[in-house]
Protein chains: 2
Amino acid sequence: MEFVERRSGISLWRQIADQIRIAISNGEFSDTDMLPGELALAKRFEVNRHTVRSAIASLAREGVVRVEQGRGTFIAGHQRLHYPIGRRTRFSAGLAGQTRTLSGSLKESRMETASAQVAQALALDPGAPVVRLVRVSTADDVPLSRAISWFDGTRFPDFAERLAKQRSITAVLKSFGIDDYVRISTRISAHHADPQTLEDLRLSPGAIALRTEAINAEVGGRRVEYSNTYFAADRIELDIDHETPSTGL
Amino acid sequence: MEFVERRSGISLWRQIADQIRIAISNGEFSDTDMLPGELALAKRFEVNRHTVRSAIASLAREGVVRVEQGRGTFIAGHQRLHYPIGRRTRFSAGLAGQTRTLSGSLKESRMETASAQVAQALALDPGAPVVRLVRVSTADDVPLSRAISWFDGTRFPDFAERLAKQRSITAVLKSFGIDDYVRISTRISAHHADPQTLEDLRLSPGAIALRTEAINAEVGGRRVEYSNTYFAADRIELDIDHETPSTGL
DNA sequence: TTAATTTGTCTATTTATCTAGACAACTAGA
DNA sequence: TCTAGTTGTCTAGATAAATAGACAAATTAA
């Protein structure tokens, strides 16, 4: 007997779909790689069989399971990508080897004035000109993240134009004479995805966005980039590198 | 005009409540600290006024807003706690100063045999005895996290009994002669909270759990603790410490 | 006081979700 | 082939969510 809550604003089929998805990721059915029958699930969640069918139909649409008449419902392996975060975090390098294809597309770019938050992160004066970019990354034809980045507009006035040609942030920074940069702070939180993120990442309402708020700086400490990245939480997890403070000893 | 999706398994009032909550945390209404009127919100989301009222009622139950007849709906400040994560992560110390009260309670403890995952994390053989603890932490009378920890059962047979007296993991480890330990890996992911977590953290279905999967070890590298901690995502964010690799230079 | 604007409550109706049951279609094993 | 167990489809009815409109109650400012 599991818990489903009525009148919660989440339909029963959706609560059941969420619980089955979690159970799968916890390896509950890994012995057979099959879900129990619809009648068994209906009994377990104390709902009608049709309600369970709605939940399974939703999981099938997501590609989490595959249903075969007369045989049963099979689990279609569903592994999260691993994204390492540390001082030397680089997007493409971090996911290398985990996907067949990996691409990024620039959705928006504009010059704006720095909000208090952006100004503080980049160590600029509030109202200073900044370049704001929105990029969506896609791995194996599935959107993975939506990133909003800010750069000093005075120092990097044509960042967007260069990015169109260079294809990676690292390469563009190199073209500005910045050979190396490091992550100096990362803040992680989780939210229900906002409408724009839902659309760009092809998620459905209620889906979770894992947000990283990061500051990158040159080795001397001069701020280079401030970014807010929203990952589709069901497609990725973040691995934190705890580097040894004194490597040489 | 904002997006609300029908037939998605999430009721309209809940989608609207989620969007208003996000808008508040983005500072959208920070100029007046008030929500727009019910009619204005109904127009913005293209729904009936009563649907907006349901959404606001839900936010009021959560304590996010406060409604006053004839005056309007006021935003009740709602700040996330900040939990620093680094090599020297300590639960109580990390949240010190951010809350009036902070307590932890042991919900379960038992000896079990190590699963493949636990065995690998603690560098034990699968099937070896391990101590499994479930602890729930509470800050200012609101549950914050649910942590499942595993320790080597051979080395720490009476860990649970000592924890009942000592009150912190660090203190218990000290009683076993371990004066210092460091975080060697942290993996972060976000999920819809499972039913047990919903109950322990007093969340409603659809709520988000921010999960950290962590390994702590002695300075020599010997594994001490493996833990899975589920935080209420709307009450906390995680700050990653990117320590400088060579501090002395 | 008055008017305008706000939230609160009530009734009625429509639409979506969930339940209930029956039976068809398909699969695997006896 | 037969049977038991599975998913697929249909009908009907009950419950919950959303819409629509009217008016009450409280607040604010003119």
Side-chain angles (χ1 to χ4, degrees), chain A residues 1-20 29 31-76 204-206, chain B residues 1-20 29 31-76 204-206:
Chain A
M1 302 306 158
E2 320 260 328
F3 303 103
V4 282
E5 188 171 321
R6 289 160 197 260
R7 288 188 210 74
S8 65
I10 317 269
S11 62
L12 297 184
W13 66 260
R14 199 173 180 113
Q15 292 184 52
I16 291 167
D18 288 343
Q19 290 198 34
I20 293 175
F29 312 115
D31 47 345
T32 59
D33 275 341
M34 284 187 72
L35 253 48
E38 295 172 351
L39 285 168
L41 287 171
K43 191 165 190 179
R44 168 166 163 178
F45 291 108
E46 298 179 287
V47 297
N48 191 274
R49 174 179 160 235
H50 297 293
T51 308
V52 167
R53 281 179 60 74
S54 298
I56 291 174
S58 155
L59 293 172
R61 274 195 303 275
E62 292 176 37
V64 176
V65 299
R66 179 174 34 78
V67 184
E68 293 185 26
Q69 180 171 0
R71 303 227 301 147
T73 303
F74 299 84
I75 293 166
S204 32
Chain B
M1 302 304 159
E2 321 260 328
F3 303 103
V4 283
E5 189 170 319
R6 288 158 198 263
R7 288 188 215 72
S8 65
I10 316 265
S11 62
L12 298 183
W13 66 261
R14 207 186 170 102
Q15 292 184 52
I16 291 167
D18 287 344
Q19 289 196 33
I20 292 175
F29 312 116
D31 47 346
T32 59
D33 275 341
M34 284 187 72
L35 253 48
E38 294 172 351
L39 285 168
L41 287 170
K43 191 165 190 181
R44 167 166 165 177
F45 291 109
E46 298 181 287
V47 298
N48 191 274
R49 173 178 162 234
H50 296 292
T51 309
V52 167
R53 281 178 60 75
S54 298
I56 291 175
S58 155
L59 294 171
R61 275 195 302 276
E62 291 177 37
V64 175
V65 298
R66 180 173 35 77
V67 185
E68 295 184 23
Q69 182 171 357
R71 305 227 303 144
T73 304
F74 299 83
I75 294 166
S204 32

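Below, read A as the first sequence line, B as the second, and so on, with proteins coming before strands; counting in each chain starts at 1. Since this is a predicted model, take the numbers as computed values, not measurements.
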To the nearest angstrom, how far is B:E38 atom CD from C:dT7 atom P? 4 Å
To the nearest angstrom, the CD-C1' distance between A:E68 and D:dG8 comes to 14 Å
Does A:R6 form a side-chain contact (heavy atoms from CB on, under 4.5 Å) with A:V47? I'd like the steps, not just the answer. CA-CA 11 Å; A:R6 289 160 197 260; A:V47 297; 4.0 Å; yes
Position toward the 5' end of DNA chain D (nearest nucleotide), A:R49 or A:G9: A:R49
To the nearest angstrom, the CD-C1' distance between B:E46 and D:dA20 comes to 17 Å
Using whole Å, report how far CG of B:N48 lies from P of D:dA18. 10 Å
Please state how far atom CG in A:L39 lies from atom P in D:dG8, giving the value in whole angstrom units. 13 Å
Round to the nearest Å and state the distance from B:E5 atom CD to D:dA17 atom P. 18 Å
Using a cut-off of strictly less than 4.0 Å, decide whether B:R6 has a side-chain nitrogen or oxygen near OP1 or OP2 of D:dT19. yes
Taking OP1 and OP2 of C:dC18, is either one under 4.0 Å from a side-chain nitrogen or oxygen of A:S54? no
Whole Å only: how far is the CD1 atom of A:I16 from the P atom of C:dT19? 8 Å
Contact class for A:R53 vs. all strands (heavy atom < 4.0 Å): base, sugar-phosphate, or nothing? base
Candidate pair A:T73 and A:L59, rule side-chain contact (heavy atoms from CB on, under 4.5 Å), full reasoning: CA-CA 10 Å; A:T73 303; A:L59 293 172; over 6 Å; no
Show the numbers, then the answer: is there a side-chain contact (heavy atoms from CB on, under 4.5 Å) between B:L41 and B:I56? CA-CA 10 Å; B:L41 287 170; B:I56 291 175; 4.0 Å; yes
Side chain of B:H50: nearest nucleotide among D:dG8, D:dT9, C:dT9? C:dT9
So what does B:T73 touch, heavy atoms closer than 4.0 Å: a base, only the sugar-phosphate, or nothing? sugar-phosphate
Check whether any side-chain N or O of A:E38 sits under 3.5 Å from a backbone N or O of A:V52 as a donor-acceptor pair, and report yes or no. no
Short side-chain N/O contact from A:W13 to OP1 or OP2 of C:dT17, under 4.0 Å: no
Return no unless some side-chain N or O of A:R7 is found under 4.0 Å from OP1 or OP2 of D:dA16. yes
Given atom CD of A:Q15 and atom C1' of C:dT17, what is their separation to the nearest angstrom? 13 Å
Hey, does the side chain of A:S54 reach the backbone of A:H50 with a donor-acceptor pair shorter than 3.5 angstrom? yes
OP1, OP2 of C:dC26 versus side-chain N and O of A:R71: anything below 4.0 Å? no
Residue A:Q69, side-chain atoms from C-beta onward, closest of D:dT19, D:dA24, C:dA25: C:dA25
